[in-house]
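Numbered from 1 within each chain, the chains take letters A, B, ... in sequence-line order.
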Amino acid sequence: MSEQTMNLKLKIWRQKDKNSKGQFVTYAMPGVSPDMSFLEMLDLLNLKLVRNGEEAVAFDHDCREGICGTCSMFINGRAHGPLKGITACQLHMRTFTDGETIVIEPWRAKAFPIIKDLVVDRSAFERIMQAGGFVSVRTGGAPDGNAIPISKAVADEAMDAAACIGCGACVAACKNGSAMLFVSAKVSQLALLPQGYAERKTRVEAMVAQMDAEGFGNCSNTYACEAECPKMISVEHIARLNREYVRAKLV
Amino acid sequence: MGKPTKFLTSSVGRKITLALSGFFLCSFLVVHLVINLFALKAKPDGTGAEMFTQYGDFMATHPIIRPLEWSLFAGFLLHAVLGIFLFIKNRQARPVRYDMNRPSENSTWTSRFAWLTGILVGAFLVVHINTFFIQSRFIQHRPMIDFIKEAFASPAYVTFYMVALVFLGYHLKHGLQSAFQTLGLRVGRYEKLIDAIGVVFWLLIPIGFAIIPLYFLFAY
């Protein structure tokens, strides 16, 4: 444990509820340990706010180990902060310098309305999943796990796509607010595997239709999503979604 | 599962249309450059441009070129209108902008500003089409080589062309690989090939076009 603490300034977006107008509030934040995670630092701020009779900053969090995908925040102009391949909860205060001002904003997209402070409503992703992100199977006795052979290369690729935690960083980072990396990861994961192959045509159309209906933007291939994805999901999955779409329309 | 999409009203369908129209315009660039390079055979004594003039006459008068010419205009119009439409739709997808945003750390400026380089190339085209196409075909009825000699005698006009070609290069640098990605072709095993085709288009084609005004300004 390092003994030196950091003095920080936090410029945080505060918004009472969905319909209120939000604004930035700046908080002085002394006594931050470089070993704290970003969320622990916000916990400390909230503890101070509650003690002073102020309202705590609302932010989403759950597992705090980078697998649940809830901690959505735009830190100093980057989704999940400045480091690659991690979520906000995996970001540590040693990344920042003493005396720095840190700007913390919610994801900003028409399809992700702000609920309060840093918390956004990401149920648009759930509705896209409901539209086609599943396989239809008859219930019954569980089949043998190795009954359908799948090559290692394909299994690995499907697993890479399945690593998506649905955090929404792709949408947050994209200049167009496009959800293509999320949707393509789901389409790709299922299209690659035999269980998902059967419904691939209807799936890609249904998920793209729902994505469009939710008000996400159109992909313009800047690849910001891939750079900011905490699971480093490749834009090759977007290429596969595009192929799946052409196939569904033409074949 | 949910409802199917209509190709031209779905985001992916529109992107594919934009990509295909982009490829079509790229194919035109190749034809345009190859024919224009013949203008380099023109000598200061007024000879040498016969082949270029023949090409010009063929392009301007032969009936087989007419449907191609109209397709080309339609292709430009489709690419521009759809591009601007998607740009506006994309702005609407983020009504409140970030207070602090560092996009340069996750993407290239050519990709983020393809809409702007596109608009600048479009603006150049208005001047370009007027100088050559409209003047020679509809107003002055003189051979194309005369217009080339006159226009590129002016250093200011040549500079304007150089700047426009830089923007064209940047537009193609993003656009070409983006079109391959939109058609689902930019995957691991083709990535190097697509990058190589990309260099030909964003670097060599604008350089090829740049040689012509420079030749007429300096060597002619």
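In terms of heavy-atom pairs under 4.5 angstrom with chain A, the leader among B/Lys15, B/Met100, B/Arg97 is B/Met100. When B/Leu18, B/Asp99, B/Leu86, B/Val96 are compared by the number of non-hydrogen pairs under 4.5 Å with chain A, B/Asp99 comes out ahead. By number of non-hydrogen pairs under 4.5 angstrom with chain B, the leading residue of A/Cys219, A/Ala248, A/Ala173 is A/Cys219.
The main-chain N or O of A/Gly217 is never found under 3.5 Å from a side-chain atom of B/Lys89 such that the two would form a donor-acceptor pair. No donor-acceptor distance shorter than 3.5 angstrom exists from the side chain of B/Gln181 to the backbone of A/Asn221, with no hydrogens or angles considered. The backbone N or O of B/Asn106 sits nowhere less than 3.5 Å from a side-chain atom of A/Arg78 that would complete a donor-acceptor pair. Under the 3.5 Å distance criterion, the side-chain polar atoms of B/Tyr98 are matched with a main-chain donor or acceptor of A/Arg108. Of the possible polar contacts, none joining the B/Glu105 side chain to the A/Pro82 backbone as a donor-acceptor pair under 3.5 Å is found. Put simply, the side chain of B/His174 gets close to the backbone of A/Ser220: a donor and an acceptor are under 3.5 Å apart.
The two atoms that bring B/Val187 and A/Arg243 nearest to each other are CG1-NH1, 3.3 Å, heavy atoms only. Between A/Phe216 and B/Ala93, the shortest heavy-atom distance links the atoms C-CB, 4.1 Å.
In this structure, the separation between CD1 on A/Ile75 and CZ on B/Arg102 is 12.0 Å, given to the nearest 0.5 Å. Taking NZ from A/Lys249 and NZ from B/Lys6, the interatomic distance works out to 8.5 Å, rounded to the nearest 0.5 Å. In this structure, the separation between CG on A/Asp212 and OG on B/Ser11 is 3.5 Å, given to the nearest 0.5 Å. Of the inter-residue distances, the one linking A/Asn242 atom CG with B/Thr182 atom OG1 reads 5.5 Å to the nearest 0.5 angstrom. Rounding to the nearest 0.5 angstrom, the gap separating the CD1 atom in A/Ile238 from the CZ atom in B/Arg186 is 10.5 Å. Taken to the nearest 0.5 Å, the OG atom of B/Ser107 stands 8.5 Å off from the CD atom of A/Glu228.
At a 4.5 Å heavy-atom cutoff, A/Lys201 makes no contact with chain B through either its backbone or its side chain. Looking at A/Cys174, only its backbone comes within 4.5 Å of chain B, counting heavy atoms on both sides. Interface residue B/Leu183: only backbone heavy atoms are found under 4.5 Å from chain A. For B/Glu191, the part sitting under 4.5 Å from any heavy atom of chain A is the side chain, from C-beta outward, and nothing else. Proximity to chain B (any heavy atom under 4.5 Å) is restricted, for A/Leu241, to the side chain, taken from C-beta onward. Heavy atoms of A/Phe112 lying under 4.5 Å from chain B are absent altogether. The contact between A/Ala172 and chain B is made by backbone and side chain atoms together, counting heavy-atom distances below 4.5 Å.
Counting heavy atoms from C-beta outward, A/Val246 and B/Ile16 have side chains that approach closer than 4.5 Å. Counting heavy atoms from C-beta on, the side chains of A/Glu105 and B/Asn101 never come closer than 4.5 Å. Considering only heavy atoms from C-beta on, B/Gln177 comes within 4.5 Å of A/Tyr223 through its side chain. Looking at heavy atoms from C-beta onward, A/Lys175 lies in side-chain contact with B/Trp115 at the 4.5 angstrom threshold. A heavy-atom distance below 4.5 Å is found between the side chains of B/Val12 and A/Met180.
For A/Arg14, the CZ atom sits in a packed shell: over 12 heavy atoms of surrounding residues, nucleotides or ligands are nearer than 6.0 Å. The local environment of CD1 in B/Ile139 is crowded, with over 12 non-hydrogen atoms from other residues, nucleotides or ligands closer than 6.0 Å. Other residues, nucleotides and ligands contribute over 12 non-hydrogen atoms within 6.0 Å of the CZ atom of A/Phe59. Annotation: B/Tyr190, atom OH; neighbour count of heavy atoms from other residues, nucleotides and ligands within 6.0 Å does not exceed 12. The neighbour count for A/Phe38 CZ, taken as heavy atoms of other residues, nucleotides or ligands under 6.0 Å away, is above 12.
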Original post:
Taking it one step at a time, do B/Thr108 and A/Thr222 satisfy side chain to side chain contact (heavy atoms under 4.5 Å, CB included)?
Top reply: CA-CA 7 Å; B/Thr108 58; A/Thr222 68; over 6 Å; no
